[in-house]
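When a residue number appears, it is its place in the shown sequence, counting from 1.
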Amino acid sequence: MTDAPSVRIRHNQAIVAAAVIAFFGTMPLAGARWYLLPLLLVPLAVIVWAWRAGTDADLDGLRVRALLGSSLLPWSRVSEVAADERGRGLARLVDGTVVPLPAVRRSDLPAIAAASGNPLPQPQAAQ
């Protein structure tokens, strides 16, 4: 086996900054009445989601992380990693199931392939 790098792909951290601003912007409203306090949970959930959700790839497989859970897709179950027409990453499993890969874009696919231990071949220069 080769020494493949592990890859950690997360959403843009600007989402965290926006959620922090939304949290502080919601504080005056949530502090006005006790029954409005749960409004603070929305920006907190977005902060946790942006920090946690994403896709990890290494020699063992793909780990798809969401707000509250994660699942491991071993490479033996993955038949294809590609992007849809909008450029979002997808994994097609051997049973035909399509699993969306959070935070993965078309430009991330070569890094995921390299993390699997099977890097994509480099295109040959025209001669």
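Closest non-hydrogen pair, Leu62 versus Ala91, comes out as CD1-CB, 4.1 Å. The shortest heavy-atom contact between Leu93 and Ser79 is O-OG, 3.5 Å. Looking at every heavy atom in both residues, Gly25 comes nearest to Pro28 through O-CD, 3.4 Å.
Transitive grouping of hydrophobic side chains (ILVMFWY, heavy atoms separated by less than 4.5 Å) keeps Leu68 and Leu73 in distinct clusters.
Note that the OG1 atom of Thr55 and the CZ atom of Arg10 stand 7.5 Å from one another [nearest 0.5 Å]. One distance of note links CG of Leu29 with CE of Met27; it measures 12.0 Å at 0.5 Å rounding.
Counting only residues at least two apart or in different chains, salt bridge (Lys or Arg N to Asp or Glu O under 4.0 Å) contacts with residues 63-75 comprise Asp56-Arg65. Listed by first and then second residue, the salt bridge (Lys or Arg N to Asp or Glu O under 4.0 Å) pairs involving residues 17-29 amount to none (not counting sequence neighbours).
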N/O donor-acceptor pairs under 3.5 Å from side chains in residues 94-106, not counting sequence neighbours:
{"unit_1": "Asp95", "atom_1": "OD1", "unit_2": "Thr97", "atom_2": "N", "d": "3.0"}
{"unit_1": "Asp95", "atom_1": "OD1", "unit_2": "Thr97", "atom_2": "OG1", "d": "2.9"}
{"unit_1": "Asp95", "atom_1": "OD2", "unit_2": "Thr97", "atom_2": "OG1", "d": "3.4"}
{"unit_1": "Arg105", "atom_1": "NH2", "unit_2": "Arg86", "atom_2": "O", "d": "3.2"}
{"unit_1": "Arg106", "atom_1": "NH2", "unit_2": "Asp84", "atom_2": "O", "d": "3.1"}

Only distances under 3.5 Å count here; give the side-chain donor-acceptor pairs of residues 31-53 to other protein atoms, sequence neighbours excluded, each with its distance to 0.1 Å.
{"unit_1": "Arg52", "atom_1": "NE", "unit_2": "Ala66", "atom_2": "O", "d": "3.1"}
{"unit_1": "Arg52", "atom_1": "NE", "unit_2": "Leu67", "atom_2": "O", "d": "3.3"}
{"unit_1": "Arg52", "atom_1": "NH2", "unit_2": "Gly69", "atom_2": "O", "d": "3.3"}

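Residues passing the side chain to side chain contact (heavy atoms under 4.5 Å, CB included) test with Asp60, sequence neighbours excluded: Asp58. For Trp75, there are no ring-ring contact (aromatic ring centres under 6.0 Å, His included) partners, not counting sequence neighbours. Glu85 is linked by a side-chain hydrogen bond (donor to acceptor under 3.5 Å, both in side chains) to nothing, counting only residues two or more places apart in sequence or in another chain. Every residue two or more places apart in sequence or in another chain that forms a side chain to side chain contact (heavy atoms under 4.5 Å, CB included) with Asn12 is listed here: Ala14. Residues passing the side-chain hydrogen bond (donor to acceptor under 3.5 Å, both in side chains) test with Asp108: none are found, sequence neighbours excluded.
For the pair Glu80 (side chain) and Val78 (backbone), a donor-acceptor distance under 3.5 Å is absent.
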